[in-house]
Structure formats: structure tokens, C-alpha cells
Amino acid sequence: MEITSAMVKELRERTQAGMMDCKKALVACNGDMEKAIDYLREKGLAAAAKKAGRVAAEGAVTSYIHMGGKIGVLLEVNCETDFVAKTDTFLNLCHDIALQIAAANPICVSKEEVPAENLEREREVLRAQAINEGKPEKIVDRMVEGRIEKYYKENVLLEQAFVKNPDITVGTLVNEATLASGEKISVRRFVRYECGEGIEKKESDLAAEIAEMTKK
């Protein structure tokens with residue numbers, strides 16, 4: 001199986017292991033991401049992954065209001081101890097993630113949470129686009145999967161580029177916080193509200209209204 005740079009990058013973000021170690025792990029595990037994580041853990045190279053199985057039941061629920069009350073976010077971030085939950089570093093992380101949600105409007109926390117029907121619909125649209133572009137059938141599926149990765153980066157919180165530093169993802173930000181605190185830190189859930197969202201707004205046609213008035 002071909003080991004792509006995107007796969008190596010994802011494994012590095014999930015484990016904080018070195019780039020070459022990540023590539024070797026993926027080659028040894030024939031591209032299987034979960035097996036590669038276990039491989040790195042067995043070798044003692046996956047710092048953040050070692051904490052992945054630990055229970056993080058403490059943490060904080062934080063709120064963030066943006067644009068003068070037009071957008072609001074409620075967010076739960078978990079850690080292992082109440083001590084870490086009360087540190088400025090942890091609270092600043094919560095604030096930064098809430099800011100990310102307000103600005104980037106993700107639909108869920110992780111890839112695993114993307115509704116299957118959303119992915120299926122997206123694949124159908126992307127496949128139709130590729131065919132309409134005249135792409136050869138034999139490469140359409142590969143193109144679709146590449147564009148699905150772009151969909152993840154645009155819509156999944158942990159895959160999004162961090163608004164304060166686009167060179168890293170939110171997932172990397174959380175992994176770095178895990179390493180710095182010595183505890184497992186995870187984003188559990190969030191809700192984003194936008195004023196007027198979902199309400200069908202009446203569109204006024206000023207020119208039509210004036211024309212109607214002149215008939216009287």
C-alpha cells in the first residue's frame with residue numbers, strides 16, 4: 001500500500017512521534033493507522049498515544065460569545081484531574097477551541113462522528129463532479145477520497161487548521177496540551193448557536209414594493 005504524506009502527518013498528529021518513525025510504522029503495518037499507533041506505543045515512541053486509553057472525566061464546560069452576541073458556543077473539554085482543569089493553560093485551551101468553533105463552524109469533533117449519510121451524500125456529489133470534469137473512471141474513486149479528506153479538514157473540529165496558527169490542526173493543539181500537562185486531554189462535545197439560524201427570513205424586494213405602491 002502506498003504511504004502518503006497525509007497519512008504520515010495524521011499519525012504524527014495523533015502520536016507526536018517523529019516523521020520517520022511514523023513512516024516506518026505505517027510501512028510495517030501496511031498503512032493501517034490503528035495498528036501503526038500500537039506499533040509506535042510498543043516501541044515507546046508514541047507520547048500522546050500512551051495516554052489515549054486513560055480516563056479523562058474531569059475538565060470544564062466553557063462558553064464563548066462572539067460578534068456582539070450573534071454567535072455562542074458551549075464546549076466540554078476533559079482532562080484527568082481537577083488540578084489540571086483549574087490551570088490557566090487548560091482554561092486558555094478551552095477558550096481557544098471555543099473560539100475555533102465560533103469561527104470555523106465544524107459539524108462534529110472527530111472523523112468518527114461524521115454522520116454516515118453526510119459522507120455518502122458528499123461522496124455522491126464529489127463522484128458526479130469528477131465524472132463531469134471528464135476524469136478517467138479508474139482514478140475517480142481516488143480523487144473522491146482525496147476530496148473527502150478536504151471535507152474532513154473543513155468540517156471536523158480536530159482536523160481543522162487552528163485559527164490562531166494555521167500551520168497546526170486543532171488535533172495537534174490538543175495533543176500538545178496532553179504532552180505539556182502529562183494528562184489525557186480530549187474534546188468531548190460542543191454546541192454552536194448562531195442568531196437567526198434555521199429561521200426562514202422574509203426577503204424584501206424594494207423595487208417590487210415601490211412598483212406596487214405606484215399602481216394605487
Side-chain angles (χ1 to χ4, degrees), residues 6 8-19 22 33 37 46-115 118-119 148-199:
V8 174
K9 182 181 178 183
E10 179 181 350
L11 184 58
R12 173 168 168 72
E13 289 177 350
R14 292 180 64 178
T15 64
Q16 296 299 298
M19 296 290 283
C22 289
M33 190 65 63
I37 291 173
K50 292 176 186 177
K51 300 176 178 66
R54 286 154 52 169
V55 176
E58 296 295 333
V61 173
T62 190
S63 62
Y64 176 76
I65 305 298
H66 192 60
M67 291 181 63
K70 295 296 184 182
I71 296 174
V73 173
L74 278 175
L75 165 71
E76 180 180 352
V77 181
N78 297 130
C79 58
E80 295 179 47
T81 65
D82 191 46
F83 172 78
V84 167
K86 292 178 178 178
T87 63
D88 289 342
T89 300
F90 181 82
L91 296 175
N92 287 337
L93 173 69
C94 294
H95 176 270
D96 283 345
I97 295 174
L99 173 64
Q100 175 81 26
I101 294 165
N105 194 16
I107 62 173
C108 59
V109 174
S110 65
K111 288 181 179 181
E112 292 73 23
E113 294 178 10
V114 178
N118 285 32
L119 279 181
I148 285 291
E149 287 302 313
K150 182 181 178 183
Y151 173 83
Y152 285 140
K153 291 176 182 177
E154 291 173 349
N155 295 284
V156 176
L157 176 63
L158 295 179
E159 306 300 320
Q160 289 179 334
F162 179 38
V163 290
K164 286 188 172 182
N165 179 8
D167 290 336
I168 65 171
T169 65
V170 177
T172 298
L173 181 72
V174 173
N175 278 340
E176 289 176 350
T178 292
L179 291 170
S181 68
E183 292 190 6
K184 176 184 176 181
I185 293 177
S186 60
V187 181
R188 185 182 180 199
R189 53 187 170 176
F190 67 85
V191 180
R192 182 184 185 276
Y193 299 96
E194 187 165 345
C195 187
E197 189 174 28
I199 300 174

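Predicted model only: the values in this text are computed from it and were never measured.
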> Less than 4.5 Å apart, side chain to side chain, heavy atoms only: is that true for Thr169 and Glu159?
no
> Please report the interatomic distance CD(Glu10) to SG(Cys22), rounded to the nearest 0.5 Å.
10.5 Å
> Any heavy-atom pair between the side chains of Leu75 and Ile101 that's under 4.5 Å?
yes
> Sorted by first residue and then second, give each side chain to side chain donor-acceptor pair (under 3.5 Å) pair with at least one member in residues 61-73; sequence neighbours left out.
Tyr64-His66
> Take Leu119 and Tyr152 through the test side-chain contact (heavy atoms from CB on, under 4.5 Å) and record every step on the way to the result.
CA-CA 10 Å; Leu119 279 181; Tyr152 285 140; 3.5 Å; yes
> What's the shortest heavy-atom distance between Gly59 and Ala85, and which atoms?
O-CB, 3.6 Å
> Measure from the side-chain N and O atoms of Thr178 to the backbone N and O of Ile185, and report whether any donor-acceptor pair falls under 3.5 Å.
yes
> Measure the spacing between NZ of Lys86 and OG1 of Thr81 and express it to the nearest 0.5 Å.
10.0 Å
> Nearest 0.5 Å please: distance from the CD atom of Gln100 over to the CG atom of Leu158.
10.0 Å
> Here's a test for you: under salt bridge (charged side-chain N to carboxylate O under 4.0 Å, His left out), which of Glu76, Glu58, Glu113 qualifies with Arg188?
Glu76
> For Val114 and Ile107, work out which heavy atoms get closest and say how close.
CG1-CD1, 4.5 Å
> How far does CD of Gln160 sit from CG of Asn105, to the nearest 0.5 angstrom?
8.5 Å
> Check whether any side-chain heavy atom of Ser181 lies under 4.5 Å from a side-chain heavy atom of Phe90, and answer yes or no.
no
> Do Leu173 and Asn165 have side chains that approach each other closer than 4.5 Å (heavy atoms only, starting at C-beta)?
no
> Quiz question: by atom type and distance under 3.5 Å, do the side chains of Glu112 and Ser110 form a donor-acceptor pair?
yes
> Considering only heavy atoms from C-beta outward, does the side chain of Leu91 approach that of His95 to under 4.5 Å?
no
> Supply the atom-to-atom distance Asn118 CG to Tyr151 OH, rounded to the nearest 0.5 angstrom.
4.5 Å
> Closest approach of Ile65 and Gly69, non-hydrogen atoms and distance?
CG2-CA, 3.5 Å
> Output yes when a side-chain donor or acceptor of Arg192 lies under 3.5 Å from a complementary backbone atom of Val73, and no otherwise.
no
> Nearest 0.5 angstrom please: Asn78 CG to Glu183 CD, how far?
11.5 Å
